[in-house]
Amino acid sequence: MSRYKVSDELFEKALQAIPGGVNSPVRAFKNVGKNPLFIKNGSGSRITDVDGNEYIDYVCSWGPLILGHSHPEVITEIRREIENGISFGAPCLKELELSEFIVKAVPSIENIRLVNSGTEATMSALRLARAFTGRDKIVKFSGCYHGHADGLLVKAGSGVATAGLPDSPGVPKSYTKHTLIAPYNNLKATTELFEHYPGSIAAIIVEPVAANMGVVKPEPGFLEGLRQLATAYGAVLIFDEVITGFRLSFGGAQQATGVIPDLTCLGKIIGGGLSVGAYGGKKEIMQMVAPQGAVYQAGTLSGNPVAATAGLATLKVLAQKGIYEELQQKTDRLEEGINNLLRQTSGEFCLNRIGSLLTLFFTLKKVNDFESASSSNMHSFMGFHQSLLGQGIYWPPSQFEAAFISLALTNEDIDKTLKAMEKALAFA
Ligand code: KE4
């Protein structure tokens, strides 16, 4: 009997009810040659599928579960809050507490609006930047993913790249004609866009550390250069910190790099696994948001008390002394172990790691943009992933995604992962 019998049966049913059987494409396991697993529960560093197979989890719900699954402090707070009710569509204390907490933590944010997803955050931030500047064009970078708002589905990373969809059907050219593309880490190409469209570019939106083409770090001077360009040309610099926010440091990539954007988009960790996104920045810009200003943006469940509680409980744990050092140590152990394995093999690899994010590419090239990331051998990645899964390691099912390290990972988990990788590299 297949060890995935129940999962496969459920997936067959899901295919009848849901497009592709999943509610988000990147979960589909399309590039790793098997049906996705139905996960029954999670605790700490582990998840268990409906067939009872247990895995060490490096997806962590694609980043939100930096504390691991069902962290006791988060669960306790959610249980307590939900006794008061679920949602009111009215101001509540928890959304104010979460908002004030983020304003205090993130250097660029003087004023913030909570929404329900990273997509809403980036979509709204771009609308605001266009209103603030009176301009239409935006600059994004190939391989970066900022959610699925129409104008951003251009040379996007994550599930778009995984599915090999250069852009998405259904998005009118009139929606994307204002979206200008430059290669990540290419300041020259970005500068040329501004020289070509002086006074027309409303915003640059960038993942300050790219994690949707796999992990790609900004090269020295890249973010500083974007900051200077935006200032010089009167454009709004938007950091999409949906992944890096409260992950790379308590103040995100902007605190870690010292480059301060005009607007910041957040998601994932600030909801602790429930649906919270946010955009925020200078009061001068944010005051244009309705109802204070005229830039309309709304959401039935924005600031939902239960979701805000999950986010707040998560951030309060992250605020504790030594947490990021602990995350760093765990990821150091994993990175050093992988590098030791790579030294013992003749394969072609490039390991990109920053903070508690890492991606192993199957290419000899230095991966510093989407083109080099795309040179990775996808067949090797599939063999690697399948072998890890069979050994109880739940690795992101796409070469264009980051592995997320959680605080719940133990040395035993990491050593088990390295042992599995030693075998899996032979299948790559
Ligand atoms: P959501 O709308 O999925 O909450 O956030 C969109 C988004 C925006 N910005 C960045 C930098 C992001 O990484 C994301 C979403 N990340 C993907 C994983 N790389 C979500 C997983 C999925 O699409 O199912």
Side-chain angles (χ1 to χ4, degrees), residues 18-31 36 39 57-66 114-126 138 140-163 165 168 184 203-218 238-248 252-254 261 263-279 299 301-302 304 307 310-311 354-355 357-359 370 373 394-404:
I18 307 167
V22 291
N23 282 311
S24 198
V26 78
R27 306 177 191 170
F29 271 51
K30 271 224 174 311
N31 289 50
I39 303 302
D57 184 18
Y58 287 94
V59 173
C60 299
S61 186
W62 300 101
L65 300 177
I66 191 168
L114 299 180
V115 294
N116 300 281
S117 68
T119 293
E120 274 190 86
T122 58
M123 174 178 74
S124 308
L126 285 170
I138 62 168
K140 79 173 282 291
F141 297 90
S142 46
C144 283
Y145 176 73
H146 304 289
H148 61 90
D150 284 338
L152 288 166
L153 285 178
V154 182
K155 301 281 180 287
S158 185
V160 184
T162 304
L165 298 169
S168 171
Y184 195 76
I204 299 170
I205 185 166
V206 65
E207 291 181 62
V209 168
N212 284 294
M213 49 182 123
V215 173
V216 173
K217 295 184 270 192
I238 302 173
F239 273 10
D240 178 350
E241 295 224 39
V242 168
I243 284 184
T244 57
F246 292 97
R247 179 164 285 276
L248 289 193
Q254 56 195 268
L263 291 177
T264 298
C265 301
L266 297 168
K268 296 184 190 276
I269 290 172
I270 67 166
L274 297 188
S275 298
V276 181
Y279 64 103
L301 297 176
S302 298
N304 170 278
I354 184 165
L357 295 169
L358 67 84
T359 299
F370 187 51
Y394 195 79
W395 199 254
S398 163
Q399 178 65 89
F400 299 123
E401 296 291 350
F404 295 93

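Numbering of residues begins at 1 and proceeds along the displayed sequence. Atoms within a ligand are numbered from 1 in the order they appear, just like the ligands themselves. None of the values given here were measured: they were computed from a predicted structure.
When only modelled atom types and interatomic distance are considered, Glu401 and Thr359 share no side-chain donor-acceptor pair under 3.5 Å.
Taking atom 20 (C) of ligand 1 as the reference point, the nearest protein heavy-atom neighbour is Lys268 NZ, 3.4 Å. The protein heavy-atom contact nearest to atom 5 (O) of ligand 1 is Gly118 CA, 3.3 Å. When only non-hydrogen protein atoms are considered, atom 18 (C) of ligand 1 lies nearest to Glu401 OE1, 3.4 Å. The protein atom (non-hydrogen) at minimum distance from atom 21 (C) of ligand 1 is Trp62 CG, 3.7 Å. Among protein heavy atoms, the minimum distance from atom 9 (N) of ligand 1 is reached at Asp240 OD2, 2.7 Å. Among protein heavy atoms, atom 13 (O) of ligand 1 sits closest to Asn212 ND2, 2.9 Å. Among all non-hydrogen protein atoms, the one lying nearest atom 22 (C) of ligand 1 is Ser24 OG, 3.3 Å. The nearest heavy-atom contact from the protein to atom 10 (C) of ligand 1 is Tyr145 O, 3.3 Å.
Of all atoms in ligand 1, numbered sequentially from 1 with element shown, those under 4.0 Å from a heavy atom of Ile243 are 13 (O). Taking every heavy atom of Val26 and a limit of under 4.0 angstrom, the matching atoms of ligand 1 come to 21 (C), 22 (C), 24 (O). Numbered from 1 in the order shown, with element, the atoms of ligand 1 that lie under 4.0 Å from a heavy atom of Ser117 read 2 (O), 4 (O). Taking a cut-off of under 4.0 Å to the non-hydrogen atoms of Gly147, the atoms of ligand 1 that pass are 6 (C), 7 (C), 8 (C).
Within the 4.5 Å cutoff, the side chain of Phe404 has heavy atoms near those of the Leu357 side chain. Counting heavy atoms from C-beta outward, Ile354 and Thr244 have side chains that stay 4.5 Å or more apart. Side-chain atoms of Tyr58 and Pro396, non-hydrogen and from C-beta on, do get closer than 4.5 Å to each other. Using a 4.5 Å heavy-atom cutoff, the side chains of Cys144 and Glu207 are in contact.
Within the 4.0 Å heavy-atom shell around ligand 1 one finds Ser158. At a 4.0 Å cut-off, not a single heavy atom of His148 sits close enough to ligand 1 to count as contact.
Taking the six-membered ring where the residue is Trp, Tyr394 and Phe29 present tilted rings, their angle falling between 30° and 60°.
Here the side chain of Ser24 pairs no donor or acceptor atom with the backbone of Val26 at under 3.5 angstrom. Remark: side-chain polar atoms of Ser117 are paired, donor with acceptor, to backbone N or O of Glu120 under 3.5 angstrom. Between the side chain of Glu241 and the backbone N or O of Gln254 there is at least one donor-acceptor pair closer than 3.5 Å. A distance-only check finds a donor-acceptor pair linking the side chain of Lys140 to the backbone of Lys155 [under 3.5 Å].
Distance remark: protein heavy atom not present below 4.0 angstrom from atom 3 (O) of ligand 1.
The proximity of Thr119 to ligand 1, defined as any non-hydrogen pair under 4.0 Å, involves the side chain as well as the backbone.
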